[in-house]
Amino acid sequence: MIKRLIPAFIAITLFSCEQVETPQNEEQQATTTVKNHSYGNIDEISTNHLHLELNVDFENKALTGVARHTMDNKGADKAVFDIKKMNIEKVTLGKKGTETETTFTIGQYDSLLGAPLIVDLSSEDQFVNIYYSTQKDADALDWLPAELTGSKKYPFLYTQGQAILTRTWIPVQDTPENRFTYSADLKVPSELLALMSATNPTEKNETGEYSFEMKQPIPSYLLALAVGELDYRQLSDNSGVYAEPHLIDAAEAEFKDIPKMIDAAEGLYGEYLWDVYDVIILPYSFPFGGMENPRLTFLTPTLIAGDGSLVSTVAHELAHSWSGNLVTNASWNDFWLNEGFTVYFENRIMEEVYGEEIADMLAMIEFQELKRSVDDLMAEGREKDTYLKLDLHGRDPDDGMTDIAYVKGAFFLKTIEEKVGREKFDVFLNAYFKAHEFKTLTTEKFVEYINENLFEKENIEFNLNEWIYGEGIPSNVIQLNSDRFVVAQELAQEVKDGNKLPTDLKRSDKITQEWLAFIRAFDGELSKEQMIMVDEQLNFKNSGNSEIMSEWFVLGIKNDYKEIRPEIKAFLKKVGRRKFLEPLYTTLAKTEETLEWGKEVYKEARPYYHAVSFHTIDKILGVNH
């Protein structure tokens with residue numbers, strides 16, 4: 001259980017030397033309240049601009065330097081920041097060059113939230129400078145040794161801040177409710193290139209010194225950093241791709257349609273307001289398909305399938321440039337406002353670029369996953385986690401990163417579109433993005449806005465409550481169909497009935513989503529002999545397509561297809577994307593024998609995973625580290 005924090009008082013200790021944040025005694029209580037998973041007192045004083053001066057130290061696995069906060073002080077005598085796994089050397093007040101040291105205290109440590117850093121100041125102070133270094137186990141930072149990179153010559157570093165991990169690499173008021181601009185001066189090894197979610201270089205320099213600027217205000221979870229051996233290829237005047245040298249050609253080919261996606265998105269919902277849209281292909285340990293860091297989307301290499309069949313993830317991250325980055329959920333309870341809108345928008349982009357049939361198949365695959373997630377949550381007694389509006393107080397906001405926010409949210413919007421008509425809904429969405437750009441929004445404010453600007457205006461009745469505050473999937477959900485899915489499912493039934501595949505059938509005859517529909521049509525049951533037969537002809541186990549391989553491996557584990565264990569093990573030791581790891585390890589945990597084998601594999605694989613992934617798998621397998 002995660003310990004809830006109760007406001008109280010503790011003795012204040014003054015620090016003039018380095019203070020290391022450490023767990024406190026159970027009897028000690030935090031001095032500050034928690035709002036939206038943050039200790040930050042942003043109603044009294046909040047960051048307007050952040051400037052970072054950091055040295056990236058691969059030898060000691062530490063970022064060292066200063067975070068300079070320019071703040072809007074509404075009369076506060078203290079500024080409270082979020083920190084976790086961080087060493088605080090000192091805090092000063094005033095502009096650079098005219099600084100005076102001040103006192104501070106660090107409150108009770110919480111295993112989820114970290115601790116409040118409470119800085120003493122006067123009601124006139126606007127400049128707070130925090131000198132600090134990160135700890136080796138900071139959850140946002142993935143320090144990869146050279147052997148885990150493509151060339152195996154140089155180490156690699158990247159950050160992952162969402163949802164509340166930015167506080168592990170920057171002392172910051174770590175809530176999406178507060179937006180600010182930022183800049184940075186970084187020093188890295190001269191053989192490496194540094195990139196941020198800001199203005200970026202396209203080639204390395206001899207000094208290893210780089211400067212960055214983000215002029216548009218963003219929430220803290222969108223601060224991002226990557227340092228490694230990287231090449232760049234331009235795709236258009238305002239887009240390009242970064243990747244390690246061994247992947248740059250494949251990445252350029254796979255994501256060649258990004259300029260078309262940008263044009264489609266702007267045609268739907270207005271001007272792209274972030275100047276440049278670049279993507280970076282990270283090493284395999286990256287825990288997500290993508291992360292929408294503005295100006296520099298982070299992507300997993302598992303998207304490089306060779307045929308462009310998984311580029312919908314890129315459309316998703318691009319769509320975040322409007323829903324999430326431009327209009328942001330005010331709290332993690334409102335996460336669906338980021339992700340539901342984005343999955344809906346992603347599908348519209350895919351329809352514009354690749355056609356309605358492809359877009360519908362993508363949506364249907366997602367809807368299958370949604371139904372599975374709803375069933376699992378209901379079976380676990382977590383009915384309220386199937387609401388769009390969540391209650392994550394005292395819980396890890398990662399608990400809300402399920403298909404509910406993403407796909408139920410998207411089908412909610414699709415159902416509204418069907419009710420009111422696409423033309424009217426597009427007019428509404430354009431106005432919605434414009435009215436709230438560079439702002440944060442709660443679910444309640446969204447309900448007020450859509451009622452006033454769509455339903456009342458068009459005299460339309462729609463039950464918002466059953467979608468937002470109700471369990472499961474409402475009965476009025478839009479229905480999609482695909483003839484190509486029917487064919488794939490009929491083919492699966494033929495196999496289940498004992499028939500062989502057509503001799504001329506090749507894996508390249510169907511796209512990824514059709515093969516997923518084929519595998520899922522077995523409903524978890526297929527004999528080992530039949531799986532061997534399918535693999536002999538279609539070779540799913542070595543397809544190189546992570547979506548297909550993960551689905552096939554789960555089916556194999558369920559049906560005692562032990563012959564593919566070498567391929568499963570290789571996959572688990574290579575891929576760190578949580579979307580694939582979670583169902584594989586969950587399935588392995590179902591029986592005593594597979595659990596023991598899974599634990600053996602995990603001992604070897606865990607060092608290859610980011611903290612976001614290994615914390616999840618630790619719980620699934622019941623292991624402690």
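Quantities reported herein were computed from a predicted structural model and do not represent experimental measurements.
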Could you tell me which residues satisfy side-chain hydrogen bond (donor to acceptor under 3.5 Å, both in side chains) with Lys78, sequence neighbours excluded, listed by chain and number? Asp120

By salt bridge (charged side-chain N to carboxylate O under 4.0 Å, His left out), Glu380 pairs with (sequence neighbours left out) Arg382

Among pairs that include at least one residue of residues 279-295, which meet salt bridge (charged side-chain N to carboxylate O under 4.0 Å, His left out), considering only residues two or more places apart or in two chains? Asp275-Arg295

Below 6.0 angstrom between ring centroids: does that apply to Tyr469 and Tyr387? no

Only counting residues at least two apart or in another chain, list the ones meeting side-chain hydrogen bond (donor to acceptor under 3.5 Å, both in side chains) with Thr402. none

For Asn329, what residues pass the side-chain hydrogen bond (donor to acceptor under 3.5 Å, both in side chains) criterion, not counting sequence neighbours? Asn338

Is it the case that over 12 heavy atoms from other parts of the model lie below 6.0 angstrom from the NZ atom of Lys74? yes

Give every residue pair that meets the salt bridge (charged side-chain N to carboxylate O under 4.0 Å, His left out) criterion with at least one member in residues 37-51, sequence neighbours excluded. Lys35-Asp43

Counterpart residues, salt bridge (charged side-chain N to carboxylate O under 4.0 Å, His left out), relative to Asp398 (two or more places apart): Arg578

Can you list everything that forms a salt bridge (charged side-chain N to carboxylate O under 4.0 Å, His left out) with Asp185? Sequence neighbours excluded, please. none

Contacts of Ser183 meeting side-chain hydrogen bond (donor to acceptor under 3.5 Å, both in side chains) (sequence neighbours excluded), chain-then-number -> His49, His51

All N/O donor-acceptor pairs, side-chain side in residues 434-442, below 3.5 Å, sequence neighbours left out:
{"from": "His436", "atom 1": "ND1", "to": "Tyr432", "atom 2": "O", "distance (Å)": "3.0"}
{"from": "Lys439", "atom 1": "NZ", "to": "Ala435", "atom 2": "O", "distance (Å)": "3.4"}
{"from": "Thr442", "atom 1": "OG1", "to": "Lys445", "atom 2": "N", "distance (Å)": "3.1"}

For Tyr158, give me all partners under ring pair (Phe, Tyr, Trp, His ring centres under 6.0 Å), at least two apart in sequence or on another chain. Phe286, His610

All pairs passing salt bridge (charged side-chain N to carboxylate O under 4.0 Å, His left out) where residues 325-344 contributes a residue, at least two apart: Asp334-Lys389

Is the ring pair Tyr406/His316 parallel, tilted or perpendicular, if the boundaries are 30 and 60 degrees? parallel

